2 protein chains.
Amino acid sequence: MSSPQSPRGSARQRVLEASLELFSQHGVAGTSLQMIADRIGVTKAAIYFQFRTKEEILAALLESPLTDLLQVLEDAEEETNSVRRAEIVLSGLIDTVLAHRRGTSVLMRDPGAVLALKQSQTFVRLRGRLEELLLGPRATIEERVRFVVVMGGLTQVGVSPLLAELDDSVLRPLLQDVCCQILESHPRG
Amino acid sequence: MSSPQSPRGSARQRVLEASLELFSQHGVAGTSLQMIADRIGVTKAAIYFQFRTKEEILAALLESPLTDLLQVLEDAEEETNSVRRAEIVLSGLIDTVLAHRRGTSVLMRDPGAVLALKQSQTFVRLRGRLEELLLGPRATIEERVRFVVVMGGLTQVGVSPLLAELDDSVLRPLLQDVCCQILESHPRG
DNA sequence: GTCTATAGATAGATAGAC
DNA sequence: GTCTATCTATCTATAGAC
């Protein structure tokens, strides 16, 4: 499955890494190919050998987070118990966010990325399925607020300096606890 | 205090409203002056009569949210009781977010705005003071996670379609409850 | 206050040498 | 695979007519 010498070469990978870093800092629209090229010490033309457009770079970056997310939804949708379903979605969501911290932050925060994705039916349905699984069709206003706060919170995991140094293994259970607590809207202590 | 004819004229206001809408949708970097001009049916040059640069538009948009936020911090810092202080900050934060839904979403979410603000000492200290007031110097990792989730949640108030239709008066107490509950890290039910 | 016209810079993208 | 050179489009911003 793997050749002795990297089959894809590392140039592509370097472009992706630099782009991800810059996209999450400056936003997609705020990142020029020149900035990416400068960061890895090549010219713009060198990047165009790897990717045909800037959007293609973005698509490549969002591919794994999106794939992971879709898998989580499919896993959850096979579960009939609605409580278990929500658990699967939440833990899967957190795993995805942790596995692709910067990627998911771009995916969920960046205006350009969000807007581009809104034109993709797959993604629009993805949001819908997520809401359906975590909220259900008869969610109260309060439950919606809680849902929005949880999603917003997860949005910040990849960018907050307060969490940057924390390992997945310490962050995961904490996020689980907090998000789970938020979503279980218990009327009072 | 008010002349019979609007003293500032509404042109400036129209630019600000259109910009705010577009900035929050496409991001600052993703919004061109042409887009703003098109939306209000004038030319770019007409905008340059009101504002000298795009950054000046952004600054004008962020002025009130930032002023409100600073006032909240000052109010809170006068309170000696640390629990009361946190309450003042949280409710003030929520009021600010509600009063300037799109403005605060740009302020907190947009990569360009955030980056620009990071070069302003006032804003960097603002973040620090906010953390100091809500977290204190000896915050545990869990408390930091909870803080980040709350801030991330508030980030979404201005952009989430789920909350767009909800009035301040119904959203405020709900956000208060949720955020307060998150920050009061009670070990277990 | 709004327009046309345009400068000057930089964006994304392509062609072709090496 | 990376370079230089260049194209075109668009951007911010300015100047000056109306």
Side-chain angles (χ1 to χ4, degrees), chain A residues 3-62 106 110-117 119, chain B residues 3-62 106 110-117 119:
Chain A
S3 329
Q5 290 158 4
S6 55
R8 278 186 178 180
S10 57
R12 183 187 169 93
Q13 201 56 36
R14 286 216 307 275
V15 172
L16 286 176
E17 283 167 13
S19 301
L20 183 54
E21 181 92 12
L22 290 166
F23 284 175
S24 76
Q25 270 181 40
H26 303 84
V28 177
T31 303
S32 67
L33 292 181
Q34 190 67 65
M35 290 165 71
I36 301 172
D38 287 349
R39 168 163 289 230
I40 54 185
V42 298
T43 61
K44 283 189 289 181
I47 295 177
Y48 276 105
F49 180 80
Q50 310 286 349
F51 300 94
R52 285 172 58 185
T53 67
K54 192 165 92 166
E55 280 200 352
E56 205 172 87
I57 300 177
L58 177 62
L61 287 174
L62 299 187
V106 171
D110 191 276
V114 170
L115 225 62
L117 287 165
Q119 300 189 347
Chain B
S3 331
Q5 289 157 2
S6 53
R8 280 188 176 178
S10 57
R12 183 186 167 93
Q13 201 55 35
R14 286 217 306 275
V15 171
L16 286 177
E17 283 167 15
S19 301
L20 184 53
E21 180 92 10
L22 289 166
F23 283 177
S24 76
Q25 270 182 40
H26 303 84
V28 177
T31 303
S32 68
L33 292 181
Q34 189 67 65
M35 291 165 70
I36 301 172
D38 288 348
R39 169 164 287 229
I40 55 186
V42 298
T43 61
K44 283 186 291 180
I47 297 177
Y48 277 104
F49 180 81
Q50 309 285 351
F51 299 94
R52 285 171 58 186
T53 66
K54 192 165 92 168
E55 279 200 353
E56 206 172 86
I57 301 177
L58 178 62
L61 287 174
L62 299 187
V106 171
D110 191 276
V114 170
L115 225 62
L117 288 165
Q119 301 189 347

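Predicted model, so just to flag it, every value in this text is computed and none were measured. Protein chains get the first letters and strands the later ones, always in sequence-line order, with residue 1 at the start of each.
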A/Phe49 CZ to C/dC18 P: how many Å, rounded? 18 Å
Using atom CZ of A/Arg52 as one end and atom P of D/dG1 as the other, report the distance to the nearest whole Å. 18 Å
Minimum heavy-atom distance between A/Ala37 and A/Ile47, given as atom pair plus value: N-CD1, 3.5 Å
Listing request: all side chain to side chain donor-acceptor pair (under 3.5 Å) pairs with a residue in residues 37-48 of chain B, at least two apart in sequence or in separate chains. B/Gln34-B/Asp38
For atom CD of A/Glu21, is the number of surrounding heavy atoms from other residues, nucleotides or ligands below 6.0 Å larger than 12? yes
Under 6.0 Å from the CD atom of B/Glu56, do we count more than 12 heavy atoms belonging to anything else shown? yes
What is the distance, rounded to the nearest whole Å, between atom CD1 of B/Ile40 and atom P of C/dG1? 13 Å
Kindly give the heavy-atom pair with the smallest separation between A/Thr31 and A/Gly27, and that separation in Å. OG1-O, 2.7 Å
What is the separation between atom CG on A/Asp38 and atom P on C/dT10, rounded to the nearest whole Å? 12 Å
In the structure I gave you, are the side-chain heavy atoms of B/Asp110 and B/Phe23 within less than 4.5 Å of one another anywhere? no
In residues 20-29 of chain B, what residues come within less than 4.0 Å of DNA chain D, judged by heavy atoms? none
Protein-proximity profile, nucleotides 4-11 of chain D, B/S/- by nucleotide at the 4.0 Å heavy-atom cutoff, equals B------S
On the nucleotide D/dA13, are OP1 or OP2 found under 4.0 Å from the side-chain N or O atoms that B/Tyr48 carries? yes
Looking only at non-hydrogen atoms, find the nearest pair between B/Gln50 and B/Ala11 and report the distance. NE2-CB, 3.2 Å
With a 4.5 Å limit on heavy-atom distance, are the side chains of B/Val28 and B/Ile57 in contact? no
Rounded to whole angstroms, how far apart are CD on B/Glu55 and P on D/dA13? 8 Å
